[in-house]
Amino acid sequence: MNSKTFYVTTPIYYATSAPHIGSAYSTIIADMIARYKRFCGYDVYYLTGTDEHGQKVLEQAQVQGKNPQEFCDEQAAKFINLWKEMEISNDDFIRTTQKRHEDVVSAVVQKLVDNGDIYKGKYEGLYCVHDEAFCTEEDAVKRDGKKLCPDCNRELKWFSEENYFFKLSKYQDKLLKLYEEKPEFTEPSFRRNEMLQIIKGGLHDLSISRTSFDWGIPLPNDNEHVLYVWVDALLNYITALGYSTDKDELFKKYWPADLHLIGKEINRFHSIIWPAILMALDIPLPKKVFAHGWLTVNGEKISKSRGNAIDPRLLMDAYGKDAVVYYLLRDINFGRDGDFSEDNLIGRINSDLANDLGNLVHRTTAMIKQNFDGVIPQPEGECDAPDIQLKNVFENTLTDYLNNMDNYKFTQALDAIWTFIGFANKYIDLTQPWKLAKEEGKKERLATVLYNLSDALRNIALFLKPIMKDTSKEIFRRLGIKDQWEGTTYEQLKWELLEGGSTVIKEKPIYPRLDVAKVKKVIIMKDPEEEADKAAAKADAAEARADAAATKEEKIEGVQLIGFEDFTKIQLRVAEIVEAEPVPKSRKLMKLQLELGEEEKRQIVAGISQHYTAEELVGKKIIVVANLKPAKLMGVQSNGMLLAAKDGENFRLLTADGPINPGAKIS
RNA sequence: GGCGGUGUAGCUCAGUUGGCUAGAGCAUACGGUUCAUACCCGUAGAGUCGUCAGUUCGAAUCUGACCGCCGCCA
């Protein structure tokens, strides 16, 4: 029996929507943590699942003409299958419609009723059916005599019903004490502070039942009511372990949870309500709640209507699971919000995975093949300065890696690994093995160098084992030690543990470089109209701000005087417009091709679409600032700016008074 | 409206308790190398450290005001 246990959970995902990059993010990270802890010798239990009760599930099932259970079965299967395809290593998958969950929840609720922690009261207020949430009179959006939900703009209904309440207020002081004694209970610390503020502000009892729908767990003492989402969903963390059943070995073994990994939107439930419920049940509290940030996709919030709720499967298929995982952990600072950008993903693949890591594997195996018939040599002779440096960098990396991984600083852990990879590449430059191969009597030295590189690769593979399983395994295979991979632990992270004598495999590079121009993008933004409107609105706003700023400046400073030398910095020239076309998606911008004399052509972008048509512009000789720094306006390159006069709505281009050649300078 | 965070090189970000010429990666330019996936190694860049004022011998780092963005709550 292993005494060190580790219980990690993801949120249970709501059954109304299919898995997307956001749910995959939580699951991937929890998976990596689970694998890391196993790697470090822990007996790990990793739980994920689906939350299947509630009105929205019911509605959606009806829309699809299915009974709710049938609908949930299909939705749950989507998650289960995806996690399987992604080789997520969860030990269990809990569904809140399973009997094992419902039975325990009923028992737990009964217990809370018996203890007096759940009582009957009355709840009245405005209610949003879609969001399943109450809304205060103040927050409601008033329009046409109707009151609308501030979040979703649907009409609010007056709601009055007898509800059961959980005595959350009773636990306020205990929660405060928890936060004081265990500051690490909620992370990151800024999330903890947010929670602390809520607690200090005073906790209200929580309405936990509904009578408006019946797709839920009935209250054991009153079948008219079903349990509202939170108590039901949160309890999954213990029902999955068989809490309060006669098969509670798992609960005894793994509870309290070491880590509830969640998204920031459900922090309040996990950092306040969940511990309060556990206090009421006299169950030990989890050790940590970690609320990670949200992902945007190419700078946009994830939403179905925008079409960027990417199916993680597509990404995995296009780029490989390890690459996607690497990117998520390396580029998005864990805990903070981050942006998933496909361009950045490709950048990371090329620079970090192909150039740095992949190339290191490739060049090392190639040299062993050329010089030692592919057999990894034993180190011979004395250590040289670079050898000692390499070893030192390894030792530092090991310390950093373990520290950062233990503290959930994954971005930094990867950074440490890549510092080592970087130095291994430099080590090749320092030792110049290709020269050693040509010189007489240097074979021993060459053996040592290539051995060190092989051992570096072995250690790199081990660093990556919990994070990028396939890559890790593949490096072992390339080193000819494939059968040693299974069962390796952090204890094998040591210098010179490689035995040598195995035969390397030199095949195609493990990470081919991607041609940015040729890669078919997975993320395609839909709804271009909405995008265009938004972009236009943004441009307008920016312009308005600029105008306002300019006005303000004038008012404050009056007309500013400049010296002649300042004026000479500006190169003004005559230009003939040879082509004009509006910039797509923009209300104001026009793209112009100019003739600037001496066969010089130039493209500029100007905000004149509202005043001139393209046809009117062609042929006009205008005045431009020719030495303005190039800029991009709505993605279009602009290499200058035209001059125009503006007087309220009146807007006129400056032109030359009579014939003159394009390119002529103005002074 | 209250509380909190944040604004540092073209981009993404590090910068402990205030202290030598402000850092890393990517991108760019140049040089080196050729074992390797035009890769790797090295060198370089006039960054007002959001703006303004203050404390100090000295501030990106502390204080105040303001501007921008974000989060939580109401």
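Below, chain A is the first sequence line, B the second, and so on; all start at residue 1.
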Q: Just compare B:U37, B:C26, B:C41 and give me whichever is closest to any side-chain atom of A:Ser351.
A: B:C26
Q: Take the protein atom CD1 of A:Ile428 and the nucleotide atom C1' of B:U33, then report the distance between them rounded to whole Å.
A: 12 Å
Q: Can you tell me, in whole Å, how much space there is between the C1' of B:A9 and that of B:G50?
A: 15 Å
Q: Quote, to the nearest angstrom, the C1' distance that separates B:U43 from B:G5.
A: 38 Å
Q: What interatomic distance, in whole Å, is found between P of B:A60 and the corresponding atom of B:C66?
A: 23 Å
Q: Which nucleotide, if any, forms a Watson-Crick or G-U wobble pair with B:G7, using both distances under 3.5 Å?
A: B:C67
Q: Assign each of A:Lys435 and A:Glu265 to its nearest nucleotide of RNA chain B by heavy atoms, then name whichever residue's nucleotide is nearer the 5' end.
A: A:Lys435
Q: Paired with B:A24: which nucleotide, if any, by Watson-Crick or G-U wobble criteria at under 3.5 Å for both distances?
A: B:U12
Q: Expressed in whole Å, how much space separates the P atoms belonging to B:U33 and B:U28?
A: 22 Å
Q: Which part of the nucleic acid, if any, lies within reach of A:Gly422 when heavy atoms closer than 4.0 Å are counted: base, sugar-phosphate only, or nothing?
A: sugar-phosphate
Q: What closest approach, in Å, do A:Phe463 and A:Tyr401 show between heavy atoms, and which atom pair accounts for it?
A: O-OH, 2.7 Å
Q: Which is true for A:Asn267 with a 4.0 Å heavy-atom rule: it touches a base, it touches only sugar-phosphate, or it touches nothing?
A: nothing
Q: Could you give the CH2-to-P distance, from A:Trp418 to B:C13, as a whole number of Å?
A: 20 Å
Q: Checking base pairs now: Watson-Crick or wobble, both atom distances under 3.5 Å. What partners B:C49?
A: none
Q: Could you check how far CG of A:Asp356 sits from C1' of B:A38, rounded to whole Å?
A: 15 Å
Q: Between the main-chain N or O of A:Asn344 and the side-chain N or O of A:Asp331, is there a donor-acceptor pair closer than 3.5 Å?
A: no
Q: Taking only the C1' atom of each, what is the distance from B:C72 to B:A27 in whole angstrom?
A: 37 Å
Q: From CZ of A:Arg330 over to P of B:C26, roughly how many Å is that when rounded to an integer?
A: 9 Å
Q: Quick check for you: among B:C39, B:U34, B:C3, whose closest atom lies nearest to any side-chain atom of A:Gln197?
A: B:C3
Q: Reckon A:Arg268 has a side-chain N or O less than 4.0 Å from the OP1 or OP2 of B:C73?
A: yes
Q: Taking B:C35 as the reference, what is the distance to B:A22 when you measure between their P atoms (whole Å, please)?
A: 41 Å
Q: Suppose we define a pair by two distances each less than 3.5 Å, Watson-Crick or G-U wobble; what does B:C30 pair with here?
A: B:G42
Q: Classify A:Gln432 by what it touches in the nucleic acid, base, sugar-phosphate, or nothing, heavy-atom distance under 4.0 Å.
A: nothing
Q: Rounded to the nearest Å, what distance is computed from the CG atom of residue A:Asp400 to the P atom of nucleotide B:A24?
A: 17 Å
Q: Which one, B:U37, B:G71, B:U33, comes nearest to the side chain of A:Trp434?
A: B:U33
Q: Looking only at side-chain N and O atoms, does A:Glu342 offer a donor or acceptor that is under 3.5 Å from a partner on A:Tyr319?
A: yes
Q: Tell me: CG of A:Asp352 to P of B:C40, nearest whole Å?
A: 10 Å
Q: From the options B:U37, B:C39, B:C35, select the nucleotide whose nearest atom is closest to the side chain of A:Asp429.
A: B:C35
Q: Establish, for the pair A:Lys443 and A:Phe372, whether the NZ or CZ atom is under 6.0 angstrom from the six-membered ring centre and no further than 45 degrees off its axis.
A: yes
Q: Name the nucleic acid region contacted by A:Ala366, choosing base, sugar-phosphate or nothing; use a 4.0 angstrom heavy-atom cut-off, strictly under.
A: sugar-phosphate
Q: B:G25, B:C35, B:U37: which one has an atom nearest the side-chain heavy atoms of A:Arg348?
A: B:G25
Q: For B:G5, does OP1 or OP2 lie under 4.0 Å from any side-chain N or O of A:Asn193?
A: no
Q: Taking atom CG of A:Asp373 as the centre, does the number of heavy atoms from other residues, nucleotides or ligands within less than 6.0 Å exceed 12?
A: no
Q: Below the 4.0 Å mark, does B:A38 have OP1 or OP2 next to a side-chain nitrogen or oxygen of A:Arg513?
A: no
Q: With a 3.5 Å cut-off and no angle check, do the side chains of A:Thr471 and A:Tyr511 form a donor-acceptor pair?
A: yes
Q: So how far is it from A:Lys177 NZ to A:Ile199 CD1, rounded to the nearest 0.5 Å?
A: 14.0 Å
Q: Would you mind pulling out the nucleotide paired to B:A36, Watson-Crick or G-U wobble, both distances under 3.5 Å?
A: none
Q: How would you label the contact of A:Gly201 with the nucleic acid (heavy atoms, under 4.0 Å): base, sugar-phosphate, or nothing?
A: nothing
Q: Using Watson-Crick or G-U wobble geometry with both distances below 3.5 Å, tell me the partner of B:U55, or none.
A: none
Q: Looking at B:G1, which nucleotide sits across from it as a Watson-Crick or G-U wobble partner, both distances under 3.5 angstrom, or is there none?
A: B:C73
Q: For A:Phe340 and B:U12, give me the distance from atom CZ to atom P, rounded to whole Å.
A: 17 Å
Q: Is there a donor in the side chain of A:Asp387 and an acceptor in the side chain of A:Tyr427, or the other way round, less than 3.5 Å apart?
A: yes
Q: Closest nucleotide of RNA chain B for A:Lys506 versus for A:Asp415: which of these residues is on the 5' side?
A: A:Asp415
Q: To the nearest Å, give me how far apart CE (A:Met195) and P (B:G4) are.
A: 16 Å
Q: Please measure how far the P atom in B:G19 lies from the corresponding atom in B:A59, and state the result in whole Å.
A: 11 Å
Q: Taking OP1 and OP2 of B:G42, is either one under 4.0 Å from a side-chain nitrogen or oxygen of A:Lys426?
A: yes
Q: For the C1' atoms, the ones on B:A14 and on B:U6, what distance do you get once it is rounded to whole angstrom?
A: 15 Å
